[in-house]
Amino acid sequence: MRVVIGGGSGFVGRELTRLLKSKGHEITLISRQPGPGKITWADVESGGLPPCEGAVNLAGESIMNPLRWWNESYKKDLVSSRVNTTRILAQAIAASSTPPHSWVLVTGVACYKPSLQTQYTEESEWTPFDFLSRLVKEWEAAGQLPENSAKKTRQVIIRPGAVLGRDGGAMKQMLIPFWLGLGGTLGSGRQPFPWIHLSDLAGIIAHALEPKEELSTEPDVLNGVAPALNTNFEFTKELGRTLKRPTIFPVPGFFLDVFLGSERAVILTQGQKVVPKKTLESGFKFQYPDLTSALKEIVGY
């Protein structure tokens, strides 16, 4: 299978590329810069989609970039880097004379309103309520194929939680303070912490790229989260235990609001109970369904 991956040079894209190549698939990355095995977004806009059986979009400015202040310029970049690239790919798929059989868009669980009680599945209805949920709404709408195209191409939306892996994402920023014994709960610690191991997210994407006989004009939605339901407190204690380090320095919510901006801090101080109901029903088997196995693999124990 030939697969085109937007944003394929990032944290998730590198793992997905490794996995797909190990299965014998041929990969073309869409990047801002040309190079071997790469095309640019301008190439796709002007020349259309190269021949492929699968297309994936992972592109997007990092929301948790510690080097950028939370302001209107940053928020504009977060939206444009996701919505514009998704629209470019969707339009190229719709215009293709030989469209791919699968189109996978990876968004996020920020669409679900934080709650200590409510449990969300892929079938849960939701309405935008803040900046990040409005972003997901616009992002997913940009990827929607017109009805005539949807009859030829399977559409899949994957909504991951915090992606845990050794070489990037949330863990890269957390490991140093935890190694130094400075780790602790964020805010109250009671907030749900939807997460997924990097290998499992890549596996779900590869699973979603497989052709499907019966196609719907609406996208299939898969929650990209581990089946375990954990809180921030449970994650913190398990990471400390795995690293054999104390976790006695809680980070107050107001500090995160000041340092990250309140609209961004909610990712850490609030959370959603998200269940991968349809992901499991689709036949996907998690390699790392619980925190203990995931964290042991990541920190090398």
Side-chain angles (χ1 to χ4, degrees), residues 1-10 12-13 15-17 19-21 23 25-31 37-60 79-109 111 122 135-160 201-224 276 278-279 281-284:
M1 178 165 56
R2 295 167 295 181
V3 182
V4 172
I5 306 174
S9 57
V12 177
E15 178 67 14
L16 177 62
T17 298
L19 175 63
L20 292 176
K21 283 187 174 180
K23 293 176 179 287
H25 301 310
E26 182 184 317
I27 309 301
T28 300
L29 304 182
I30 311 176
S31 177
K38 294 181 179 179
I39 56 175
T40 66
W41 290 101
D43 292 334
V44 178
E45 277 195 286
S46 60
L49 197 68
C52 62
E53 286 71 52
V56 180
N57 196 24
L58 297 163
V79 174
S80 63
S81 62
R82 286 162 173 76
V83 174
N84 292 353
T85 56
T86 298
R87 187 173 290 122
I88 288 169
L89 262 175
Q91 289 176 347
I93 291 168
S96 175
S97 57
T98 55
H101 57 60
S102 301
W103 158 224
V104 181
L105 175 61
V106 181
T107 61
V109 296
C111 57
E122 294 88 344
L135 169 55
V136 174
K137 187 78 170 179
E138 189 176 352
W139 194 0
E140 294 184 356
Q144 179 81 47
L145 297 178
E147 190 172 337
N148 63 322
S149 298
K151 291 176 181 177
K152 304 171 191 172
T153 300
R154 180 191 183 196
Q155 305 177 83
V156 185
I157 291 171
I158 299 173
R159 296 174 182 155
L201 178 56
I204 293 171
I205 298 169
H207 182 64
L209 282 168
E210 296 299 323
K212 194 176 181 182
E213 287 185 14
E214 293 183 16
L215 298 182
S216 167
T217 54
E218 291 299 313
D220 293 331
V221 177
L222 300 174
N223 284 333
K278 285 198 169 182
T279 306
E281 289 173 354
S282 74
F284 180 76

Query - The single option from Val56, Thr153, Val156 passing side-chain contact (heavy atoms from CB on, under 4.5 Å) against Trp103 - result: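 Testing each of Val56, Thr153, Val156 against Trp103, the sole residue satisfying side-chain contact (heavy atoms from CB on, under 4.5 Å) is Thr153.
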Report task. Please step through side-chain hydrogen bond (donor to acceptor under 3.5 Å, both in side chains) for the pair Glu122 and Thr279, ending with a clear verdict. Result -> CA-CA 9 Å; Glu122 294 88 344; Thr279 306; 3.3 Å; yes
Query raised in the report: Okay, side chain of Glu140, backbone of Thr107: is any donor-acceptor separation there less than 3.5 Å?
Result: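 No; zero donor-acceptor contacts below 3.5 Å.
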Roughly how far apart are [X] [atom1] and [Y] [atom2], rounded to 0.5 Å?
X      : Y      : atom1 : atom2 : value
Ile5   : Lys38  : CD1   : NZ    : 12.0 Å
Gln144 : Glu218 : CD    : CD    : 5.0 Å
Cys52  : His25  : SG    : NE2   : 13.0 Å
Leu20  : Ile27  : CG    : CD1   : 4.5 Å
Leu215 : Arg154 : CG    : CZ    : 8.5 Å
Thr85  : Asn57  : OG1   : CG    : 4.0 Å

Query raised in the report: Do Asp220 and Lys278 come within less than 4.5 Å of each other through their side chains, counting heavy atoms only?
Result: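 In short, these two side chains do not touch, never coming nearer than 4.5 Å.
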Query raised in the report: Would you say the side chain of Arg87 lies within less than 4.5 Å of the side chain of Asn84, judging by non-hydrogen atoms?
Result: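 They are in contact (side-chain heavy atoms under 4.5 Å apart), so the answer is yes.
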Query raised in the report: Do other residues, nucleotides or ligands put more than 12 heavy atoms under 6.0 Å from Glu26 CD?
Result: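 No, not enclosed.
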Requested in this report: Salt-bridge test for Glu138 and Arg82: reply yes if a basic N is under 4.0 Å from a carboxylate O, no otherwise.
Outcome: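 Judged by the 4.0 Å cut-off on N to carboxylate O distance, Glu138 and Arg82 do not form a salt bridge.
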